Amino acid sequence: MAITSIRGFKDILPDEVGKWQFAEATARRVFESYDFSEIRIPLLEKTELFTRGIGESTDIVEKEMYTFTDRSGISVTLRPEATASIVRAYIEKSMYKQNPVAKLYVIGPMFRYERPQKGRFRQFNQINAEVFGLEDPLIDVEVMVMLIHFLQEIGLEKLELQLNSLGCKACRPSYQERLKEFLLSNKGRFCADCQRRIRTNPLRIFDCKIESCKEIMGQGPLMLDFLGPECRDHFELVTSYLKALETPYVINAKMVRGLDYYVRTAFEMVSGDLGAQNAVAGGGRYDGLIVDLGGPEIPGIGFAIGMERLISLLSPDVGSQKIPHLFIATIGEKSRIQGFKLAKTLRLEGLSVEMGYEKKSLKSQMRRADKLACPYVLILGEEELQRGTAMLRDMRSKTQEQLDLTLAPEVLLRKMK
RNA sequence: GUGGGUGUAGCUCAGUUGGUUAGAGCACUGGGUUGUGGCCCCAGAGGUCGUGGGUUCGAGUCCCAUCACUCACCCCA
């Protein structure tokens, strides 16, 4: 029995890897134009980092983490998200002492033990961007604008920015109190799932697909109506700056975040083409997280882009396979070695060169060159070799010309570079 | 963790009420007179029919179990 990959872990094969490279390169270019710097952090952390950072009672911590004890007996976890690790590094290396503001991004895999489905995997890749040290609503907007900028550069224009405010430690409890009262007073009218959610995850009831639940929740209290004065000001400034930058958005007062640390601004980029998992990117503000993880009182905001979801939305032609500049076809052992040497010379000069390695017929080598879509084939045969020449065939025009072998590298480089 | 759908060649799929050596297209390999690609033609290679039981004279086809994939719920990027 051959060994297969683990459920929920996917190979990214050569014919789609171009899309990934394109997405990553575009993210680096765009983010750096906003003065973000890349940071690389471990995939494995002490389990406590996530239980404290993400929240003990979240689904991620309760049932989705890849946690095990290592050989020294400490509990470690494959990161289920990046923000906690970035914050840990930020605190551990005292980055805030050198610079009051840090703009960081991370590209890499996350791990969550969930049942796979469309757009959801156990190992999945994210691009994360985080800003530490700025509380002004202007930075909330800059982060969203940068995300949209990136998505436009990559060719995704039709995504919708959804915005909400989750309040803060001061105003959220009174809202939750009111929501609970409302839910309990209507308890008997909800579906079984929602009755359970009243206890486990009250905000999720807003997302219930059942018509009768939707109807009841239409009357339910919204966080936006319970924001304290500071949170309200913050939210209003965010929307007014978005308008100033002519960035369209829709307010989704029912939007919920799965991680405990989010406060105030929360946002998602949503697509209609992704099935049930419709968020390509999501983020928000997390002003208390750095303190929670043992650092100084420094605010933070950031987002994560789901790479697999992003890639699945790209049009098929982006990042298509590279084709070699030249194919070298040879006939006979002497010319095979001659061609091998020439390939090396040209590669050292930066050309991409493929050749017929096995002693196959010219026809077979030509077929392969054609399949690879090489624009030129250099034919090195016994006759040519005796004359000290080679035949260069232009595959598109079907014309060919003789080249002097000693001059061949020069001519080829000029033609193809 | 729960529910639905699907498992036949590398890929996309046929396979008649159960009946001989399981097929096609694409892809792959070789060839179509001496050293020239795409199109066309010919040939070849490639399958424990997901796996394990059962029913039957006989199972790709029927039954049971199991596994995998997939979609949805839960939840999230």
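Sequence lines set the chain letters: A, B, ... in the order given, protein chains first and strands last, and positions in each chain run from 1. Not measured: the values here are computed from a predicted model.
- Closest-nucleotide positions on RNA chain B for A:I305 and A:S5 were compared, and the one nearer the 5' end corresponds to A:S5.
- Protein atom CZ of A:R368 is 13 Å distant from nucleotide atom C1' of B:rU29, rounded to whole Å.
- At a threshold of 4.0 angstrom between heavy atoms, the contacts of A:S364 are confined to the sugar-phosphate backbone, with no base atom among them.
- Using Watson-Crick or G-U wobble geometry with both donor-acceptor distances under 3.5 Å, B:rC73 finds its partner in B:rG1.
- Applying the Watson-Crick and G-U wobble criteria (two distances, each under 3.5 Å), B:rU17 pairs with nothing in any strand.
- Side-chain proximity of A:A279 to B:rG35, B:rA77, B:rG37: nearest is B:rA77.
- The CD-P distance, from A:E16 to B:rC11, rounds to 15 Å in whole Å.
- Rounded to the nearest Å, the gap between the C1' atom of B:rC73 and that of B:rG47 is 37 Å.
- Regarding contacts with the backbone of B:rA77, a side-chain N or O of A:R257 is found under 4.0 angstrom from either OP1 or OP2.
- For the pair A:R393 and A:Y376, the cation-pi criterion (under 6.0 Å, within 45° of the ring axis) is not fulfilled.
- Taking every side-chain heavy atom of A:R112 into account, B:rA77 is the closest of B:rC69, B:rA77, B:rU36.
- Look at CD on A:Q402: it is 18 Å from P on B:rG35, rounded to the nearest Å.
- Among the heavy atoms of the strands, none lies under 4.0 Å from A:A369.
- In this structure, A:L259 reaches the sugar-phosphate backbone alone: every heavy-atom distance under 4.0 Å involves primed, P, OP1 or OP2 atoms, never a base.
- Base engagement by A:F121 is indicated by at least one non-hydrogen atom pair under 4.0 Å involving a base atom.
- Residue A:Q365 is out of contact with every strand shown, counting any heavy-atom pair closer than 4.0 Å.
- The side-chain tip of A:R122 does not point at the ring of A:F9 from less than 6.0 angstrom away and within 45° of straight on.
- Both distances falling under 3.5 Å, in either a Watson-Crick or a G-U wobble arrangement, place B:rU29 opposite B:rA43.
- Using cut-offs of 30° and 60° for the angle between ring planes, the A:Y261 and A:Y286 rings count as perpendicular.
- Side-chain nitrogen and oxygen atoms of A:K360 include none within less than 4.0 Å of the OP1 or OP2 phosphate oxygen of B:rU29.
- A:V280 comes within 4.0 angstrom of the backbone, heavy atoms only, and of no base.
- A:K118 has no side-chain polar atom (N or O) that falls below the 4.0 Å cut-off from OP1 or OP2 of B:rC73.
- With B:rG31, B:rG35, B:rC69 as the choices, the nucleotide that has an atom nearest any side-chain atom of A:S361 turns out to be B:rG31.
- Of the C1' atoms belonging to B:rC26 and B:rU17, the separation is 33 Å, rounded to the nearest Å.
- Residue A:Q117 places at least one side-chain N or O under 4.0 Å from the OP1 or OP2 atom of B:rA72.
- Within the 4.0 angstrom heavy-atom criterion, base atoms lie near A:Q400.
- Taking 4.0 angstrom as the limit, A:R115 places none of its side-chain polar atoms (N or O) nearer than this to OP1 or OP2 of B:rG1.
- Base pairing analysis places B:rA65 opposite B:rU51; the two distances defining the Watson-Crick or G-U wobble pair are each below 3.5 Å.
- Nucleotide B:rU34 forms a pair with no other nucleotide shown, judged by Watson-Crick or G-U wobble geometry with both contacts under 3.5 Å.
- The P atoms of B:rU29 and B:rG46 are separated by 16 Å, rounded to the nearest whole Å.
- For B:rG60, there is no paired base (Watson-Crick or G-U wobble, both distances below 3.5 Å).
- Taken to the nearest 0.5 Å, the CZ atom of A:R88 stands 10.0 Å off from the CG atom of A:L293.
- When the C1' atom of B:rC75 is taken as reference, atom CZ of A:R197 falls 10 Å away, rounded to whole Å.
- A salt bridge links A:R29 with A:E153: the closest approach of a Lys/Arg side-chain nitrogen to an acidic carboxylate oxygen falls below 4.0 angstrom.
- Here the two rings, on A:Y105 and A:F31, have centers that are under 6.0 Å apart.
- Among the heavy atoms of the strands lying under 4.0 Å from A:G119 is at least one base atom, whether or not backbone atoms are also near.
- Taking the C1' atom of each, B:rA72 and B:rU66 are spaced 23 Å apart, rounded to whole Å.
- A:D140 and A:T265 are linked by a side-chain donor-acceptor pair at a separation below 3.5 angstrom, with hydrogens and angles left out of the test.
- Taking atom CG of A:L274 as the reference point, atom C1' of B:rC71 lies 14 Å away to the nearest angstrom.
- Rounded to whole Å, the distance from CZ on A:R367 to P on B:rU36 is 11 Å.
- Close to B:rC71, at under 4.0 Å from its OP1 or OP2, lies no side-chain N or O of A:R120.
- Straight-line distance between the C1' atoms of B:rG44 and B:rU48: roughly 23 Å, to the nearest whole Å.
- Taking atom OH on A:Y113 and atom C1' on B:rA77, their separation rounds to 20 Å, with Å as the unit.
- Between A:F111 and the options A:M65, A:Q123, A:E64, a side-chain contact (heavy atoms from CB on, under 4.5 Å) holds for only A:Q123.
- Across the C1' atoms, B:rA43 and B:rC49 are found 26 Å apart, a figure rounded to whole Å.
- Remark on RNA chain B: of its neighbouring residues A:R7 and A:E308, the 5'-side contact belongs to A:R7, judged by nearest-heavy-atom nucleotide.
- Of the residues A:E142, A:E38, A:E32, the one that meets the salt bridge (charged side-chain N to carboxylate O under 4.0 Å, His left out) test with A:K103 is A:E142.
- In this structure, CG of A:L362 is placed 12 Å from P of B:rG32, rounded to the nearest angstrom.
- A distance of about 13 Å separates the P atoms of B:rG52 and B:rG60, rounded to the whole Å.
- Using atom P as the reference point in both B:rA14 and B:rA24, the two lie 16 Å apart (nearest Å).
- Residue A:E384 is classed as a base contact, given a heavy-atom separation below 4.0 Å to a base.
- Closest to the side chain of A:E114, out of B:rC73, B:rA77, B:rU36, is B:rA77.
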